[in-house]
Protein chains: 2
Amino acid sequence: MLNYSTSEENYIKAIYHLQKEGTVTTNELAAELSTRPASVTDMMKKLRTKKLVHYEAYKGFRLTPEGRKLALIIIRRHRLWEFFLAEKLKFSWDEVHAVAEDLEHVSSKKLIDKLDEFLGFPRYDPHGDPIPDANGKIETSKQVCLIDLPLNKAAVVCYVSDQSTEMLELLSHKKIGIGTRLEIKKKFSFDQSLEIKLRQQSATTISGDLAKNIFVKYDE
Amino acid sequence: MLNYSTSEENYIKAIYHLQKEGTVTTNELAAELSTRPASVTDMMKKLRTKKLVHYEAYKGFRLTPEGRKLALIIIRRHRLWEFFLAEKLKFSWDEVHAVAEDLEHVSSKKLIDKLDEFLGFPRYDPHGDPIPDANGKIETSKQVCLIDLPLNKAAVVCYVSDQSTEMLELLSHKKIGIGTRLEIKKKFSFDQSLEIKLRQQSATTISGDLAKNIFVKYDE
DNA sequence: GTTTTAATTTAGATTTGCCTAAAAAAATAT
DNA sequence: ATATTTTTTTAGGCAAATCTAAATTAAAAC
């Protein structure tokens with residue numbers, strides 16, 4: 001297994017988290033990593049030569065199978081350390097992430113596999129996110145209807161059941177499509193309408209009828 | 001507490017290990033870190049501006065009090081991780097060092113103090129070296145006569161009891177002085193003479209009479 | 001379908017940590 | 001005391017990862 005820099009690993013992880021469905025854009029990634037778009041372009045060229053991302057100028061990027069494999073290794077490290085910090089060192093729920101951000105870059109596979117064993121092969125980290133196993137298998141969060149999505153839980157649109165022209169026109173007007181990340185800010189029981197917020201945009205309202213046809217997966 | 005790069009930390013740690021008595025030279029440090037003398041000079045200038053080392057061109061370097069404090073923090077991290085790896089993750093004696101070299105650069109003080117507590121405040125790492133406490137206090141190894149030094153245990157000359165001209169002449173001829181690092185390769189019971197190896201030099205033999213007057217501390 | 005705006009990429013600079021080769025200083029030997 | 005050898009420093013460069021500013025391409029608006 002090759003070795004990657006902390007910076008490369010952070011990019012790969014960020015792409016994995018943003019990707020889900022569809023492609024990731026330069027600006028999205030720059031925002032996620034608190035860096036500049038120009039830096040992202042530079043790194044994408046490098047990761048492309050390392051065959052970790054698919055990338056063509058102006059067309060966004062996606063992880064290759066190898067890139068995804070690497071992402072899952074890093075996420076496995078991160079979540080196992082989070083579990084360790086919370087369970088064994090009694091860190092509080094909200095402190096574990098920052099420390100795990102550093103620990104996740106220590107790359108010994110043996111270390112992580114032995115840590116996993118020591119911890120009793122936990123399946124979820126302290127935030128409830130699933131931990132990939134030693135082979136990189138991760139429990140995929142099941143698809144849920146937008147109607148049933150809890151408040152303020154980040155999710156990604158993954159399927160639309162009614163694909164009529166009218167429906168698609170409405171969705172496109174609201175800038176919602178496969179891969180759109182959103183969360184529900186308010187639910188109105190009167191008509192089942194929802195106030196939702198799209199990532200990096202202001203809030204909008206959608207009807208219960210529309211929501212019933214949209215399916216999402218939990219984002220991470 | 002300020003934050004230092006992995007590279008800076010490795011230099012500080014290496015100086016601490018080499019220092020013991022007297023000053024550290026450019027070539028010694030370059031050898032210890034598998035780098036080039038020119039790189040050492042570059043880094044010494046930087047660490048000087050950060051007030052971690054005393055350094056004047058051509059005169060070698062020593063840690064400042066702040067530098068020593070930092071060194072002990074890094075050594076504390078390293079040895080606690082070694083203990084964790086051996087004790088909890090069942091790594092074997094000889095595997096712990098390499099992994100701890102990476103883990104030691106994760107700089108959260110809270111992490112290390114909680115790890116210390118989790119491990120039950122161990123006093124020695126798996127190699128028997130003392131672990132500095134949360135305040136940077138470390139057990140100083142007691143002085144032992146060279147006659148009593150175990151085979152192959154690295155040690156540093158710290159005192160010479162007979163300081164006659166004849167004695168000093170002999171020592172200077174053998175290139176032994178305060179701060180000289182050495183280890184015993186063979187002991188001859190017949191006359192108590194010792195075959196010793198000075199760091200970075202070939203082996204030489206010294207008589208029992210000489211060895212009785214030389215005192216060393218264990219090196220780390 | 002232009003034009004305007006926004007996103008992305010290129011070009012060129014900066015910082016860190018390292019390198020080689022050459023110069024300078026110190027140590028050693030004659 | 002001078003010459004030789006060794007050590008150390010300087011000078012100049014390189015690669016990684018970042019940045020700003022300018023140019024280019026794509027998307028949006030009119």
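Every value quoted in this text rests on a predicted model; they were computed, and no experiment measured them. Each chain gets a letter, A, B and so on, in the order the sequences are listed, and its residues count up from 1.
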To the nearest Å, give me how far apart [atom1] ([X]) and [atom2] ([N]) are.
X	N	atom1	atom2	result
A:Glu8	D:dA15	CD	C1'	12 Å
A:Asn10	D:dA16	CG	P	18 Å
B:Asn3	C:dT16	CG	P	14 Å
B:Tyr58	D:dT7	OH	C1'	9 Å
B:Glu28	D:dT7	CD	P	11 Å
B:Glu56	D:dT10	CD	C1'	17 Å
B:Asp42	D:dT10	CG	P	9 Å
A:Lys175	D:dA27	NZ	P	13 Å

Taking OP1 and OP2 of [N], is either one under 4.0 Å from a side-chain nitrogen or oxygen of [X]?
X	N	answer
B:Arg36	C:dT20	yes
B:Tyr11	C:dT16	no
B:Thr41	D:dT9	yes
A:Tyr55	C:dT9	yes
B:Thr26	D:dT9	yes
B:Tyr4	C:dT16	no
B:Ser7	C:dT16	no
A:Asn27	C:dT8	yes
A:Thr35	D:dC19	yes
B:Lys59	C:dA25	no

Subject >> cation_pi(B:Lys45, B:Tyr55) dist<6.0 Å, angle<=45 >> reply: no
Considering only [options], which nucleotide approaches the side chain of [X] most closely?
X	options	answer
A:Ser39	C:dT8, C:dT10, D:dT18	D:dT18
A:Met43	D:dT18, C:dC19, C:dT8	D:dT18
A:Lys45	C:dT10, D:dT18, C:dT9	C:dT10
A:Pro37	D:dT9, C:dC19, C:dT9	C:dT9

**OP:** Would you please test B:Arg48 and B:Glu56 for salt bridge (charged side-chain N to carboxylate O under 4.0 Å, His left out) and show each step?
**Re:** CA-CA 9 Å; B:Arg48 177 175 55 190; B:Glu56 254 187 284; over 6 Å; no
Subject >> Reference residue B:His78; test ring-ring contact (aromatic ring centres under 6.0 Å, His included); the match among B:His97, B:His127, B:His17 >> reply: B:His97
Subject >> Residue pair A:Tyr11 / A:Ser39, side-chain heavy-atom distance below 4.5 Å >> reply: yes
Original post:
Does a side chain donor of either A:Asp191 or A:Ser193 reach within less than 3.5 Å of an acceptor in the other side chain?
Top reply: yes
Original post:
When all nucleic acid strands are considered with a 4.0 Å heavy-atom cut-off, which category describes A:Ala57: base, sugar-phosphate, or nothing?
Top reply: sugar-phosphate
**OP:** Classify the ring geometry between A:Trp81 and B:Phe84 as parallel (under 30°), tilted (30 to 60°) or perpendicular (over 60°).
**Re:** tilted
